[in-house]
Amino acid sequence: MSESSEITYIRGDATAPSGKGVKVIAHVCNDLGGWGKGFVLALSRRWPEPEKEYRAWHRDRANNDFALGATQLVRVDRYIWVANMIGQRGTRTGSKGVPVRYEAIDTALSRLADKALELGASVHMPRIGCGLAGGKWSRIEPLINERLVSRAIPVTVYDHGTEAPR
């Protein structure tokens, strides 16, 4: 039994989190204010608020904490919140490599943990940072274990459809 057995992996849709109680759906956003590809589309199909709040947060970034590592919690339902976590620089793979920023995701997860404990919530997510951001799950999973699981926050990771885990 490896310690990663603490994260529950299921096949399904992270925008329809399973289980009882308060739930936070966590996902990674970029630091450019762009919202239009990947998991965010599924979120926007279900609720307009996370995109609206993220865009407003970016627009007003001179006066707030919008930056790599920041986490914005948006309530979308009586028991459901969405965590917009800024964990990628830009949106394209370029000379500096893929957009994912592991340190930023680490910081964002640590902020997310504080909020989840405050709300008494479980955390639900796709394989964050591994889609368009180009990250490797083998680097992100330990961060989730360290920041969330070690603080006894239940985490469920959703694999959509037939995509194979990386």
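Being a predicted model, the structure only gives us computed values, none of them experimental. Atoms considered below: every heavy atom in the structure, side chains included; atoms not considered: hydrogens, waters and symmetry mates.
In this structure, the separation between NE2 on His58 and SG on Cys29 is 11.0 Å, given to the nearest 0.5 Å. Interatomic distance, Glu6 CD to Leu148 CG, rounded to the nearest 0.5 Å: 12.0 Å. The structure places CD of Glu51 at 11.5 Å from CD of Glu53, a figure rounded to the nearest 0.5 Å. Here Gln88 contributes atom CD and Thr93 contributes atom OG1; the two are 9.5 Å apart, rounded to the nearest 0.5 Å. Atom CG of Leu109 and atom OG1 of Thr71 lie 7.5 Å apart (nearest 0.5 Å). Distance check, rounded to the nearest 0.5 Å: CG of Asn145 to CD1 of Ile140 gives 12.5 Å.
Pro17 and Ala14 get closest at one heavy-atom pair: CD-O, 3.7 Å. Here the shortest heavy-atom pairing between Ala83 and Leu112 reads CB-CD1, 3.8 Å. Taking each heavy atom of Gly129 and Val100 in turn, the nearest pair found is O-CG2, 3.9 Å. Nearest heavy atom pair, residue Ala108 against residue Ala70, reads CB-O, 4.1 Å. Pro126 approaches Ala26 most closely through the heavy-atom pair CD-O, 3.5 Å. Residues Ile153 and Ala121 approach most closely at CG2-O, 3.8 Å, considering heavy atoms.
For Trp57, the ring-ring contact (aromatic ring centres under 6.0 Å, His included) partners two or more places apart in sequence, or in a different chain, are Phe66.
Side-chain contact between Leu41 and Arg45 is present, with at least one heavy-atom pair separated by less than 4.5 Å. Put simply, the side chain of Arg89 reaches to within 4.5 Å of the side chain of Leu68, judged on heavy atoms. At a threshold of 4.5 Å between non-hydrogen side-chain atoms, the residues Met125 and Ile144 count as touching. Taking 4.5 Å as the limit, some side-chain heavy atom of Thr15 sits within range of a side-chain heavy atom of Phe39. Side-chain contact between Pro154 and Thr8 is absent, with no heavy-atom pair separated by less than 4.5 Å.
Arg46 has a carboxylate O that lies under 4.0 Å from a charged side-chain N of Asp13, or vice versa, which qualifies the two as a salt bridge. Between Asp114 and Arg151 there is a salt bridge, since at least one side-chain N of the basic residue sits less than 4.0 Å from a carboxylate O of the acidic one.
In the hydrophobic clustering of this structure, Ile86 does not group with Leu143; members are Ile, Leu, Val, Met, Phe, Trp, Tyr whose side-chain heavy atoms approach within less than 4.5 Å, directly or through other members. Tyr102 and Val149 fall within a single hydrophobic cluster, where Ile, Leu, Val, Met, Phe, Trp and Tyr are joined by side-chain heavy atoms under 4.5 Å apart, directly or via other members. In the hydrophobic clustering of ILVMFWY residues, with side-chain heavy atoms under 4.5 Å counting as a link, Val28 and Val40 come out apart. Under a hydrophobic-cluster definition in which Ile, Leu, Val, Met, Phe, Trp and Tyr are linked whenever side-chain heavy atoms come within less than 4.5 Å, directly or via other members, Val82 and Val123 are assigned to different clusters. Under a hydrophobic-cluster definition in which Ile, Leu, Val, Met, Phe, Trp and Tyr are linked whenever side-chain heavy atoms come within less than 4.5 Å, directly or via other members, Val76 and Tyr54 are assigned to the same cluster.
Relative ring orientation between Tyr9 and Trp137 is described as perpendicular, the plane-to-plane angle rising above 60° on a 0-90° scale split at 30° and 60°. Taking the six-membered ring for Trp and thresholds of 30 and 60 degrees, His27 and Trp35 have ring planes more than 60 degrees apart, a perpendicular arrangement.
When Ile25, Asn84, Leu43 are each tested for a side-chain contact (heavy atoms from CB on, under 4.5 Å) with Val74, only one passes: Asn84.
Using a distance-only test at 3.5 Å, with no hydrogens or angles considered, no donor-acceptor pair links the side chain of Tyr79 to the main chain of Lys23.
Within 6.0 Å of CZ in Arg92 there are 12 or fewer heavy atoms belonging to other residues, nucleotides or ligands. Counting heavy-atom neighbours within 6.0 Å of Arg55 CZ, excluding the residue itself, gives a total above 12.
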